[in-house]
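Heads up, the thing below is written out as structure tokens.
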Amino acid sequence: MKYEWRNLSADRTPLTITLLLGLALVYGGWNGWQWVSFQRATIAAALGEERERLAAVRTEIPKVEAGERKVSAFTDPRLPQALGRGPGARYVVMPPSALGALAVGQSDLYPYYFKVTTGSKQTFLNSDEIENPVHLLAGRFDLAFVLLYLFPLVILACSYNLISAEKEGGTLALALSQPIALPVLTMGKLLPRVGLVMVLAVLLPVVLVGLGGGGGAEVRLLLWVAVTVAYGSFWFALAVAVNAWGRSSPTNAMALAGLWLLFVVVIPAVLNVGVKAAYPVPSRVELIQATRVAGDAATRQGAQLLARYLEDHPEMAPAEKGGAPDFGTVQVAVSEATERAVQPVLDRFDAQVAGQQRMVDRFRFLSPAIVAQSAFNDLAGASADRYQHFLAQADEYHRQWRGYFVPRILKKVMLSAADIDELPTFRYREEELSEVAGRLGLALVGLSLPTLLVGFLGWRWLGRYPIAGA
Amino acid sequence: MKMALLIARKEFTEMLRDGRFRGAGAIVFTLLAGALLLGWQSHREVSAQHRSAQEATRAQWLKQGKKNPHSAAHYGVYAFKPQVPLTLVDPGTDPYTGVAVWLEAHKQNEFKYRPAQDATAVQRFGELTGATVLQLLVPLLVILLTFNAFSGERELGTLRQLYSLGVAGSELASGKALGVAAALGVWLAPAAILGSVAIVAASGQSEVVASGPRVAWMALSYLLYFGAFTGISLAVSAWAPSSRAALMILLGFWMGNGLVAPRVASDLAKSWRPSPSAFAFGQQMQTALAKGSDGHDPGARAKALEAELLRKYKVDRVELLPVNLLGVRLQDSENHGNEVFDQSYAALWENFAEQNRVHQVVAWAAPGLAMRSISMGFAGTDFAQHTHFAKAAEDYRRMIQRTMNDELTYRATSTGGPYLAGEELWNRVAPFTYTAPAAGWVAERQAPSLGVVGLWFVAGVVTAGWSARRMRVV
């Protein structure tokens with residue numbers, strides 16, 4: 001092993017390749033870091049805007065009360081229906097997670113903040129980040145990309161001729177004439193390579209998260225390292241097995257390149273097509289139409305809806321009887337009715353996407369790359385699951401928000417400056433580790449089992465390796 | 001030439017008999033055919049959904065009942081992005097741009113609902129589409145067929161024999177290239193026929209005519225691209241010390257070109273020409289809208305407008321105006337809004353265009369980027385054509401606003417009660433129609449990328465010929 005290490009240091013190719021890997025890792029880490037900083041800055045700007053806006057409302061209310069400022073019923077900040085629809089709105093934000101810089105994942109596709117109002121969900125659940133679609137199509141050069149695509153290639157490039165080169169150089173028979181078994185020799189040759197590449201792949205994420213002051217993320221970081229090592233081990237095992245097959249170096253290279261293509265490019269693409277065919281999601285134009293139809297219907301029956309609504313919630317009925325219901329009160333009933341009517345359509349979309357996800361979860365074990373990708377996304381907080389988790393909280397907050405405003409709208413309460421500080425606030429609760437841990441445990445098993453299987457086959461084949469001859 | 005054809009025939013026969021090529025070719029063909037069929041199916045479904053939604057939104061507009069024209073303007077209509085037939089070959093950026101935009105009063109909205117949001121993370125490995133197969137897998141097939149074209153002969157010692165027979169290097173190179181082309185043709189020609197049939201089946205009558213030149217441009221570009229890969233592969237095979245080295249170099253180039261370069265280009269473009277966050281973009285637009293283009297507050301702007309009207313119609317009181325002040329004021333605010341939107345969106349789109357120019361620069365080193373751009377362009381699924389549609393939709397929105405506001409201004413002049421209009425007015429707004437730009441429009445915009453692919457083709461041919469003439473024989 002010591003000699004192998006010396007050999008490796010003398011040979012320029014593996015070193016150059018590892019150096020390139022190092023550079024790619026640093027560049028990927030930097031890109032992820034940029035993305036996280038961008039998100040943080042946007043969130044800070046949004047919260048700053050909210051603070052200023054609410055402060056302005058707080059100073060405006062006394063002026064309106066004193067009659068110093070004339071306002072219409074649409075803009076009177078004392079009216080809950082006006083305040084809750086815009087000027088008083090608060091943001092719900094999902095900050096990037098401690099490991100956010102490691103993988104961009106799906107986080108560039110889903111919103112990470114919403115401006116919650118008393119309007120229906122469909123009116124504010126759309127704050128997509130602006131992004132050049134070409135970039136979304138290409139994906140990002142982040143750490144996860146380097147680990148998923150390039151890291152295996154580096155491993156294969158370092159070890160495709162692990163034994164075959166010794167054989168072709170004629171040194172294999174010589175080495176084995178010493179009291180050493182082929183499997184031991186292979187391990188001795190393998191370990192320095194494994195050590196070098198793995199340390200490099202693991203080191204940078206640790207440094208990056210450490211720099212970000214990732215407090216409380218130690219377990220996640222540890223899991224990240226475990227996934228990286230398990231994924232890398234699979235590729236090393238594959239290289240050994242192909243070597244043990246006993247073909248020439250070029251054949252090994254071809255075979256390994258083919259396997260890489262199969263696992264990293266072909267299987268994911270085919271799986272993607274498969275899940276889309278099994279659970280097709282209709283175009284969202286259907287949702288738009290459904291929302292519109294429901295909205296039109298609700299608007300037409302606005303007054304009746306309100307009457308029915310008040311029957312269901314007599315406690316919310318205004319104190320004084322009589323008088324035509326104003327715009328604000330009807331609006332409440334209309335937006336709730338629209339939301340209710342659209343919900344089945346939304347559920348249908350969600351069910352299809354959930355079906356796709358279930359199928360991916362089941363079939364991801366066909367390719368370690370997919371297993372590793374979803375594990376990386378989970379750990380970096382860039383998965384669809386975390387977005388759903390955020391969405392549920394946003395939904396909950398929206399209910400709270402309405403719970404605050406709707407009774408006041410119906411009872412025609414006038415808000416005061418002091419009430420501004422009483423508006424419900426939002427605080428993002430991170431996914432519990434236990435929620436992620438289950439998925440990750442399965443992922444680690446899904447990575448280790450094929451590794452063990454391939455490793456075992458390699459071991460067996462090594463036993464009958466043709467040491468001499470073609 | 002005769003010799004080249006002879007060599008081509010030998011190569012062709014040899015490849016057809018090679019089990020590895022048959023296997024690889026069959027896989028690529030199956031993937032391509034599968035991708036085209038699935039593309040066709042999804043195109044058929046989605047375009048039907050969009051068509052019926054477009055009809056529904058029109059019906060809703062017409063049947064919205066009696067309303068004040070400005071309420072109708074607020075109600076608005078939706079514009080749904082039509083699916084062009086060539087989407088089935090290359091969906092391009094379509095999954096990552098919204099499918100619909102709401103055309104309402106006061107506001108140029110963003111497109112909503114990106115289809116990719118309704119997919120799993122596996123999508124980010126890359127979709128299996130005709131374009132993916134053509135851009136990634138076919139070049140790989142070319143490499144596998146050619147990497148040992150010269151180096152293999154040299155290693156077997158047959159290269160020396162060939163030269164002793166008086167075969168010229170360039171003849172050998174063109175023969176090999178023709179052989180590869182013929183072998184590829186065996187798989188690609190049926191796929192191309194299949195694709196064309198699917199496109200014709202997916203097109204309406206007018207679309208077939210429009211698709212023709214686009215398909216021709218696209219096919220030609222792909223042929224040049226494959227030609228470039230063949231040339232490079234042959235050149236590398238001639239120059240490399242061994243078949244193994246040739247394969248390594250070519251696989252490295254393939255990786256860099258197809259998988260690494262698109263991402264690197266994206267990140268470079270993002271850091272060199274950062275685009276604003278949606279939040280900053282919205283805020284900046286809000287501020288501009290609130291301020292008014294002349295920097296005065298809207299109150300002053302409204303007063304100035306009033307004074308101007310009084311002067312124009314030579315009356316001294318608003319009540320005496322022959323026009324409805326509200327209508328004039330609404331149109332004035334639309335005009336101001338339009339200026340702001342024009343500026344904001346022009347700046348944003350220019351920002352994206354600059355980012356795409358970064359991609360074009362990287363494309364000189366990685367022609368795959370240029371090919372991707374050309375392919376999306378002629379498929380009609382690139383960002384330029386998205387904005388072309390967005391502009392058409394925005395023009396339509398402005399037309400609706402003007403029609404509604406004019407109605408208020410010139411017809412709603414009596415003061416008794418709110419003014420209500422009906423279906424007659426809604427009918428005066430013609431239905432929204434959109435014509436995608438012609439192939440020439442695309443070609444003009446894709447000129448730099450076409451240049452890159454063309455140049456790589458020429459370079460491939462020249463270096464292949466040149467290397468074949470000067471390569472080591474033993």
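Chain A is the first sequence line, chain B the second, and so forth, proteins listed ahead of strands; every chain is numbered from 1.
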Legend entry - Residue list, side chain to side chain contact (heavy atoms under 4.5 Å, CB included) with B:Gln135, at least two apart or on another chain: B:Asp90, B:Ala131, B:Tyr222, B:Met371, B:Arg372, B:Ser375

Legend entry - Inter-chain contacts: residues 115-122 of chain B against chain A, heavy atoms under 4.5 Å: B:Ala116, B:Gln117, B:Asp118, B:Ala119, B:Thr120, B:Ala121, B:Val122

Inset, instruction - Determine yes or no for a side-chain-to-main-chain donor-acceptor pair under 3.5 angstrom, with A:Glu129 supplying the side chain and B:Ser277 the backbone. - result: no

Inset, instruction - Without swapping roles, check the side chain of B:Asp267 against the backbone of A:Asn31 for a donor-acceptor pair under 3.5 Å. - result: no

Interchain contact, [X] with chain A, by part (heavy-atom threshold 4.5 Å):
X	answer
B:Gln64	neither
B:Leu144	side chain
B:His359	side chain

Non-hydrogen atoms of [X] and [Y] that approach each other most closely:
X	Y	result
B:Val264	A:Tyr27	O-OH, 4.1 Å
B:Met248	A:Ala253	CE-CB, 3.5 Å
A:Trp260	B:Met255	CH2-SD, 3.3 Å
A:Ala138	B:Ser266	CB-OG, 3.5 Å
A:Asp128	B:Ala278	O-CB, 3.4 Å
B:Tyr96	A:Leu137	CE1-CA, 3.7 Å

Legend entry - Close side-chain approach of B:Val260 to A:Leu150, heavy-atom, < 4.5 Å: yes

Give, as side chain, backbone, both or neither, the part of [X] having an atom under 4.5 angstrom from any heavy atom of chain B.
X	result
A:Asn161	side chain
A:Tyr387	neither
A:Tyr113	side chain
A:Ala46	both
A:Ala369	both
A:Gln352	neither
A:Asp296	side chain
A:Ser374	neither
A:Val281	side chain

Inset, instruction - Specify which of A:Val360, A:Asn272, A:Asn132, A:Leu153 makes the most heavy-atom pairs with chain B at under 4.5 Å. - result: A:Asn132

Legend entry - Top contributor to chain B contacts, counting heavy-atom pairs under 4.5 Å, from A:Arg140, A:Gln356, A:Lys276: A:Arg140

Legend entry - More than 12 heavy atoms of other groups within 6.0 Å of A:Arg439 CZ: yes

Legend entry - Evaluation steps, side chain to side chain contact (heavy atoms under 4.5 Å, CB included), between A:Tyr91 and B:Phe279: CA-CA 12 Å; A:Tyr91 290 96; B:Phe279 181 78; 3.1 Å; yes

Inset, instruction - Determine the interplanar angle of the A:Tyr149 and B:Phe125 rings, folded into 0 to 90°, and report it as parallel if under 30°, tilted if 30 to 60°, perpendicular if over 60°. - result: tilted

Inset, instruction - Is it possible for you to check whether A:Arg292 lies under 6.0 Å from the centre of the six-membered ring of B:Tyr75, through NZ or CZ, and within 45° of that ring's axis? - result: yes

